[in-house]
**Q** 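Structure provided below as structure tokens; questions to follow.
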Amino acid sequence: MRLLIDQISMQQEQIVALEEGKKRKDQECAQLKTLVNDLEKKALQRVIDKTQVPVAAVVIMACNRADYLERTVASVLKYQSSVASKYPLFVSQDGSDPRVKTKALSYKELTYMQHIDYDPVHTDRPGELIAYYKIARHYKWALDELFYKHNFDRVIILEDDMEIAPDFFDYFEAAAALLDKDKSIMAVSSWNDNGQKQFVYDPYALYRSDFFPGLGWMLTRSVWNELSPKWPKAYWDDWLRLKENHKGRQFLRPEVCRTYNFGEHGSSMGQFFEKYLAPIKMNDVKVDWKSQDLSYLTEDKYAQYFADILKMAKPIPGTDPALMASNIEGDIRIQYRDQSDFEYIAQQFGVFEEWKDGVPRTAYKGVVVFRYHPPRRVFLVGPDSLQQLGIENA
């Protein structure tokens, strides 16, 4: 009995010691969190000039590719350093890859954020890659941090496998004014899915699109307020392309891309890389965006502007369109009947055939425009596009 009492007494002492140890660990954890927050704030204060209101925070989304991250940061700093107070730079790492963390912390010009997520991933369908679920969680966390903790009005999202064009920041500054003024614009992108070198010509040309381009894009806090509570578990970019989420709003995109995606190896297993990403033309012209009048892109003017250039294009039938287009001077337009007809015609030219929720990539009112033997433009026109644009007897 005495032995049993002694054992119980020893166990109680061990429990008390463990509880005290846990309290100490909790206190240390709280102190470390406070220290991390203080360091984040100090790092942020270093890169923001207090007299300058930032245009947008720039966040590079990273995970486990230290070499890719280094190439992306080098490209961004090349043009961001001169405008650092307008575009404070962040790297947000998902997970704890030590090489990525060490690399990110080696730059004094940026603020490091780390997303650690221990919750298990349950995919909706067997065989799905859990990476797409983890990416969606990371995006939500990072954007919540930047909009709600750091209080930015706009955020530009890059990924750790991108290089940027010389006029990347000037482009987004000009677009920010449109984004604030015109609530029918949901986001601004630096990307054109049909931006391969054979399909582009004019570095000054910008378009509205009903299809979310992604790959280097900017959104506002007011849009994030709407998206954050219902953010999807996975495939966030395709989710943004659903009509129920963009609700008739459109996206601005350039003809010539302001980003280049070099990520052959990643979650998408190099999907489309050789055909669609490797040949992308990234702009190398320093466009003076401050001197450009972009008012034609506002909702009340753009439909008429686009209708006017579409009316001037010569209509040709959809049989052997690429061959016919090669033998005609000036812009042309080709009507497609439905999705399968569009895919057939797009295949003849080599542009993206993909649709999401009834909208072809890059399309505006069902019209996909690209260059063919530049500067000639080709317009692939939907069955009711002319009607939507108010073009009669064309």
Side-chain angles (χ1 to χ4, degrees), residues 175 178 182 184-186 188-189 192-196 198-211 213 243 246 248-256 287 292-353 355 358-394:
L178 282 170
D182 188 344
S184 71
I185 301 171
M186 191 171 188
V188 178
S189 176
N192 172 14
D193 283 305
N194 291 324
Q196 295 77 21
Q198 67 270 32
F199 299 131
V200 298
Y201 174 77
D202 184 0
Y204 291 82
L206 303 180
Y207 296 89
R208 290 177 76 114
S209 175
D210 297 304
F211 191 100
K243 290 171 185 170
H246 62 74
R249 289 167 293 186
Q250 289 156 341
F251 306 91
L252 292 188
R253 67 162 183 88
E255 177 173 314
V256 184
V287 174
Q292 298 298 305
D293 179 7
L294 302 182
S295 61
Y296 71 93
L297 290 162
T298 56
E299 185 179 29
D300 57 339
K301 293 182 180 178
Y302 187 75
Q304 187 59 54
Y305 161 82
F306 193 77
D308 288 343
I309 59 174
L310 182 57
K311 276 189 286 191
M312 300 295 290
K314 183 174 181 178
I316 64 169
T319 52
D320 295 322
L323 178 63
M324 293 189 70
S326 300
N327 298 311
I328 294 175
E329 292 285 325
D331 294 348
I332 61 170
R333 69 175 191 259
I334 304 161
Q335 190 112 19
Y336 62 88
R337 296 183 301 275
D338 50 29
Q339 183 172 345
S340 62
D341 193 31
F342 171 85
E343 288 169 354
Y344 167 77
I345 297 168
Q347 196 173 43
Q348 305 306 303
F349 288 100
V351 296
F352 254 108
E353 303 160 37
W355 287 42
V359 181
R361 279 187 184 266
T362 77
Y364 170 72
K365 307 288 188 189
V367 180
V368 170
V369 55
F370 56 93
R371 305 280 176 169
Y372 191 67
H373 299 312
R376 177 195 293 113
R377 282 176 293 207
V378 173
F379 298 88
L380 305 185
V381 182
D384 63 346
S385 297
L386 298 180
Q387 184 181 352
Q388 285 189 60
L389 289 162
I391 300 174
E392 298 176 2
N393 304 318

**Q** Around atom CD of Gln387, are there more than 12 heavy atoms of other residues, nucleotides or ligands at under 6.0 Å?
**A**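 12 or below, so no.
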**Q** Would a 4.5 Å heavy-atom cut-off, applied to side chains only, mark Arg333 and Ile316 as touching?
**A**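 Sidechains of Ile316 and Arg333: no contact.
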**Q** Going through the checks in order, is the side chain to side chain contact (heavy atoms under 4.5 Å, CB included) test met by Arg253 and Leu206?
**A** CA-CA 6 Å; Arg253 67 162 183 88; Leu206 303 180; over 6 Å; no
**Q** Quick check against the 3.5 Å criterion: does Arg377 have a side-chain atom that pairs as donor or acceptor with the backbone of Val369?
**A**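 No; zero donor-acceptor contacts below 3.5 Å.
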**Q** So, does Arg376 use its side chain to make a donor-acceptor pair with the main chain of Ile328 at under 3.5 Å?
**A**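 Judged by distance alone, yes, a pair lies under 3.5 Å.
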**Q** Working to the nearest 0.5 Å, report the span between CG of Leu252 and CG of Leu294.
**A**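 Nearest 0.5 Å value for the CG-CG distance: 8.5 Å.
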**Q** State which residues pass side-chain hydrogen bond (donor to acceptor under 3.5 Å, both in side chains) with Gln304; sequence neighbours excluded, sorted by chain then number.
**A**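 Applying side-chain hydrogen bond (donor to acceptor under 3.5 Å, both in side chains) to Gln304 gives Asp308.
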**Q** Distance from Asp338 atom CG to Tyr344 atom OH, nearest 0.5 Å?
**A**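 One finds 13.5 Å between CG of Asp338 and OH of Tyr344.
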**Q** To the nearest 0.5 Å, what is the distance between NE2 (His373) and CZ (Phe199)?
**A**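 So the NE2 of His373 and the CZ of Phe199 are separated by 10.0 Å.
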**Q** Please identify each residue that fulfils ring pair (Phe, Tyr, Trp, His ring centres under 6.0 Å) with Tyr305, with sequence neighbours left out.
**A**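 Checked Tyr305 against ring pair (Phe, Tyr, Trp, His ring centres under 6.0 Å); matches are Tyr296, Tyr302.
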**Q** Kindly say whether Lys365 contributes a backbone atom to a donor-acceptor pair with the side chain of Asp210 at under 3.5 angstrom?
**A**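 Yes.
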**Q** Phe370 pairs by ring-ring contact (aromatic ring centres under 6.0 Å, His included) with which of Tyr207, Phe349, Tyr201?
**A**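 Only one option passes, and that is Phe349.
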**Q** Just by modelled atom types, is the Tyr364 backbone N or O under 3.5 Å from a matching donor or acceptor in the Ser209 side chain?
**A**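 Here the side-chain-to-backbone pair does not exist.
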**Q** Under a 3.5 Å distance rule, please check whether Arg361 uses its side chain to pair with a backbone N or O of Asn194 as donor and acceptor.
**A**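 No, because the side chain of Arg361 does not come within donor-acceptor range (under 3.5 Å) of the backbone of Asn194.
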**Q** Run through Gln196, Gln198, Glu255 and flag the one making a side chain to side chain donor-acceptor pair (under 3.5 Å) with Arg371.
**A**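 Considering Gln196, Gln198, Glu255, a side chain to side chain donor-acceptor pair (under 3.5 Å) with Arg371 is found only for Glu255.
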**Q** Suppose we screen for side chain to side chain contact (heavy atoms under 4.5 Å, CB included). Which residues come up paired with Glu343, at least two apart in sequence or across chains?
**A**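 Checked Glu343 against side chain to side chain contact (heavy atoms under 4.5 Å, CB included); matches are Gln339, Glu353.
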**Q** Rounded to the nearest 0.5 Å, how far does CD of Gln388 lie from CG of Leu386?
**A**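 Here the rounded value is 9.5 Å.
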**Q** Starting at CG of Leu380, measure out to CD of Gln348 and round the result to the nearest 0.5 Å.
**A**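 Answer rounded to 0.5 Å: 11.0 Å.
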**Q** Keeping the roles fixed (side chain from Gln335, backbone from Gly382), state whether a donor-acceptor pair exists under 3.5 Å.
**A**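 The answer is yes, because a donor-acceptor pair under 3.5 Å joins these two groups.
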**Q** Evaluate side chain to side chain contact (heavy atoms under 4.5 Å, CB included) for Ile332 paired with Tyr372, printing each intermediate quantity in order.
**A** CA-CA 10 Å; Ile332 61 170; Tyr372 191 67; over 6 Å; no
